[in-house]
Each structure stands twice: as C-alpha cells, then as structure tokens.
Amino acid sequence: MSGPALVRPRWLKTRIPSGEAYANVRRIIKSHRLHTVCQEASCPNVAECWGAGTATIMIMGDICTRGCGFCDVNTGRPGSLDLREPSAVAVAIRDLGLRYAVITSVCRDDLPDSGAGHFAETIRHIRHRCPNTIVESLIPDFAGDHTLIDAVADAGPHVVGHNIETVRRLTRQVRDRRAGYSQSLQVLRHTKEGHPGIFTKSSMMLGLGESTDEILEAAIDLRESMVDFVALGQYMQPSTRHLPVKEYIHPERFDQIKHMLSDLGFLHVNAGPFVRSSFRASDIADIVSDHRGMRPTT
C-alpha cells in the first residue's frame, strides 16, 4: 500500500448531504436504531440517495467478521442479533414509503447459519408490511452453502444481489481470504437455477489495476451465471489502511464499458464513477415490475 496517493479528479467531487428529504431519512433510520451502508461504508452517494428518499439498510449489526481490503465497515467480533430488527426494518421502510428497498448485511461467520435465518425473517416482515415494495436482498456468500442461500431466496425477495467486487486475478488481494471469485459466481448461479423467478445482480469496483479484457471476462462470467443486472463503479480508498486506488476511471471510459457490457445481454447495466451496487437501485424497479406484473406504488 506504499507510494504517493493519486490526486482525486474533479469529476469525483460530491456535495455535502443536506435537504428535507435527506433529514427525513436520517431521522427515520435513527429512530428505529438501524444501520445503513450509506453511513457504515462511507458511501459517496449518501446525499443523492437520501435526498431522493431512499436508503440501503444493513442488518445484523455494524461489525463484520471479515476484513476485505476495500471495505470501510468495521471488522471484529459482532454482538448478538437483535430479534426486534426484522420488524423494525419493515416499519422503517413503510414509514419511508420506499418503492424499492435494498437489504444487505455484514458477514456473520460467527453464527451457525451465518445469519441466513435473520435475513429471511427480515424479508418476510417487509413483504407482509410493505406488499407494494420491491425487495432486493444483497447477500453475503454464506460460505457457498446452498441451503442458506435457499433460505433467503425462499423468503420471497424480488432481486438477490451478491457482489464479485473485482476481477478474478485481483480477488485474493481485494477480498477476505474466505471469499472467492468462483464461489461468488456459484452463489449467483445457484440462486437463479433454484429460483428462476428471482432476478440476480452483481457489481464490481474499477480502478484497482484491472484491465479492460479482465472486466469483459468477469462480465461474461456473470452472464454465464445467469446474472440479470450488473453495476460498475469507481473504487475510492476509504483510508490509508485500505487498498490504494491504482487509477481513476474517466466517465467517458465508464460509458464505453457500459456499452460493451450491454451487448452481452444483461437486462440493465449501470456504470459510472459514483455507481455502487445499490446506487439508484430503483432504476431497475420498472424492469422487475414489468416482468412480474407488479404495480408498486410510488
């Protein structure tokens, strides 16, 4: 991680979070004592997403059992699960009036089921209280255990996301040693094969030293794993303890990559400097609605 840091270009400037909608989301999240990826992972899109009245809720605490080189979520020994959380999340989503809700979590390798049961219970509560809300579950790999993946999928999310994060060659240095490129592809493939009515989604960070050919190879691997949606964004180093940025990708190159991947048959490709796996997730709401015959309220 040595060497001079790259100067952040002007196109990566973000605005300070503000506005009535932003304040309302913050108030509701705080009132229910919930965690969000927006806060815990220092997401650069918090102003835009919260300003639009959306958020990605992170369940099972704010301490992860894994330590990936890119992630700003705290690593350590998590506390016990809050059994009230599934209901609280559903009430918060109802109060926020979300059309599209993303539920994700820290990794909980300390639990016998890696937290799959808690994840599933949260989804069931949301589906019950918010029947018009499209639910995306952005899941960990559950160590590749198909039974645990099925437990979450059986709870009825409309979209299951799982991120490969980077290209095959860089996986070992970017992700925790317990994660794996092939294992993540298997998680996505198993989800689609076992639950063909569910949409699948993945994302990658760019700027870690990957080549265009490697990006294309990863995208082809995702399509061969029957992934429907893919997102690509700029990696930004959260602190000096994390992996350094090797390259800041110009927006024009992101556009080129987006067009290249769109030809592979994904239902939706989102690519740009500020794109994250759950950034503007509601963009795919119409696709999900049309395929499932849903008419969610706004």
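All residue numbers in this chain count up from 1 along the given sequence.
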Between H118 and E85, does a side-chain hydrogen bond (donor to acceptor under 3.5 Å, both in side chains) hold up when you go through it step by step? CA-CA 9 Å; H118 191 84; E85 184 176 53; 2.7 Å; yes

Could you please spell out the steps behind the side-chain hydrogen bond (donor to acceptor under 3.5 Å, both in side chains) verdict for R253 and T212? CA-CA 10 Å; R253 187 176 169 214; T212 300; 2.9 Å; yes

Step by step, work out the side-chain hydrogen bond (donor to acceptor under 3.5 Å, both in side chains) result for H125 and T122. CA-CA 5 Å; H125 273 271; T122 302; over 6 Å; no

Step by step, work out the side-chain contact (heavy atoms from CB on, under 4.5 Å) result for L206 and K246. CA-CA 9 Å; L206 305 187; K246 296 292 183 66; over 6 Å; no

Salt bridge (charged side-chain N to carboxylate O under 4.0 Å, His left out) assessment of D263 paired with K258: CA-CA 9 Å; D263 292 337; K258 179 177 180 177; over 6 Å; no

Hey, mind stepping through L111 and R108 against side-chain contact (heavy atoms from CB on, under 4.5 Å) and telling me if it holds? CA-CA 6 Å; L111 300 173; R108 292 298 303 260; 3.7 Å; yes

Is there a side-chain contact (heavy atoms from CB on, under 4.5 Å) between I134 and S289? Walk through the geometry before answering. CA-CA 8 Å; I134 298 172; S289 298; 3.5 Å; yes

Test side-chain contact (heavy atoms from CB on, under 4.5 Å) on I284 and L267 and set out the steps. CA-CA 9 Å; I284 66 175; L267 293 179; over 6 Å; no

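In this structure, R175 is not positioned above the aromatic face of F70 in the sense of NZ or CZ being under 6.0 Å from the six-membered ring centre and within 45° of the axis.
Contact check on R168 versus E210 returns no salt bridge, with no Lys/Arg side-chain nitrogen under 4.0 Å from an Asp/Glu carboxylate oxygen. Note on D141 versus R66: salt bridge recorded, some NZ/NE/NH1/NH2 to OD/OE distance being below 4.0 Å.
When all heavy atoms of A219 and F266 are compared, the pair lying nearest together is O-CZ, 3.4 Å. Residue S202 comes nearest to V227 through the heavy atom pair N-CG1, 4.0 Å, listed as atom of the first residue, atom of the second, then distance. Minimum interatomic distance between V89 and I103 (heavy atoms only, all atoms of both residues): CG1-CD1, 3.8 Å. Considering all non-hydrogen atoms of both residues, V167 and A218 come closest at CG1-CB, 4.4 Å. Between D113 and G117, the shortest heavy-atom contact is OD2-N, 2.8 Å. Counting all heavy atoms, side chain and backbone alike, T240 lies closest to Q237 at CA-NE2, 3.7 Å.
Between C71 and C64 there is no side-chain heavy-atom pair separated by less than 4.5 Å. In this structure, V174 and L208 have side chains that are in contact, with non-hydrogen atoms separated by less than 4.5 Å. By the 4.5 Å heavy-atom criterion applied to side chains, D286 and R99 are counted as neighbours.
In terms of hydrophobic clustering, with Ile, Leu, Val, Met, Phe, Trp and Tyr side chains grouped at heavy-atom distances under 4.5 Å, M260 and L222 are assigned to a common cluster. Residues I220 and L261 are members of one and the same hydrophobic cluster, defined by side-chain heavy-atom contacts under 4.5 angstrom among Ile, Leu, Val, Met, Phe, Trp and Tyr. Grouping the Ile, Leu, Val, Met, Phe, Trp and Tyr side chains by contacts below 4.5 angstrom, directly or via other members, places V91 apart from I123. V102 and I287 fall within a single hydrophobic cluster, where Ile, Leu, Val, Met, Phe, Trp and Tyr side chains are chained together by heavy-atom contacts under 4.5 Å. Following chains of ILVMFWY side-chain contacts shorter than 4.5 Å, one cannot reach I63 starting from I57, and the two form parts of different hydrophobic clusters.
Listed for the S114 side chain is no donor-acceptor partner under 3.5 Å among the backbone atoms of D110. One N or O on the side chain of S239 and one on the backbone of R241 form a donor-acceptor pair closer than 3.5 Å. When atom types are taken as modelled, the side chain of Y181 and the backbone of T166 share no donor-acceptor pair closer than 3.5 angstrom. Proximity of a side-chain donor or acceptor of D145 to a complementary backbone N or O of T147 within less than 3.5 Å is detected. When atom types are taken as modelled, the side chain of H158 and the backbone of V288 share no donor-acceptor pair closer than 3.5 angstrom. Using modelled atom types, one side-chain atom of H162 and one backbone atom of I139 make a donor-acceptor pair closer than 3.5 Å. With D72 contributing its side chain and P238 its backbone, the two residues share no donor-acceptor pair below 3.5 Å. Proximity of a side-chain donor or acceptor of T133 to a complementary backbone N or O of Y100 within less than 3.5 Å is not detected. Not one N or O on the side chain of S203 forms a donor-acceptor pair closer than 3.5 Å with the backbone of L232. Remark: the backbone N or O of M226 is paired with a side-chain donor or acceptor of T200 at under 3.5 angstrom.
For R94, the salt bridge (charged side-chain N to carboxylate O under 4.0 Å, His left out) criterion is met by no residue, not counting sequence neighbours. Residues meeting the ring-ring contact (aromatic ring centres under 6.0 Å, His included) test with H128, sequence neighbours left out: none. Under the ring-ring contact (aromatic ring centres under 6.0 Å, His included) criterion, F229 pairs with F199, not counting sequence neighbours. Partners of Q256 under the side chain to side chain donor-acceptor pair (under 3.5 Å) rule, at least two apart in sequence or in another chain, do not exist in this structure. Scanning for salt bridge (charged side-chain N to carboxylate O under 4.0 Å, His left out) contacts around R124 gives E121, with sequence neighbours left out.
The structure places CZ of F142 at 6.0 Å from CZ of F119, a figure rounded to the nearest 0.5 Å. Within the model, atoms OG of S262 and CD1 of I257 stand 11.5 Å from one another, a figure rounded to the nearest 0.5 Å. Between Q234 atom CD and M205 atom CE the span is 10.5 Å, to the nearest 0.5 Å. Note that CD1 of I164 and OG of S182 are 10.5 Å apart. Values are rounded to the nearest 0.5 Å. Taking SG of C68 as the reference point, atom CZ of R177 lies at 11.5 Å (rounded to 0.5 Å). Within the model, atoms CG of D176 and CD of E165 stand 11.5 Å from one another, a figure rounded to the nearest 0.5 Å.
Applying the side chain to side chain donor-acceptor pair (under 3.5 Å) test to residues at least two apart or on different chains, the pairs with a partner in residues 187-197 are H146-H190, D150-H190, D150-H195, R189-E193, K192-D228.
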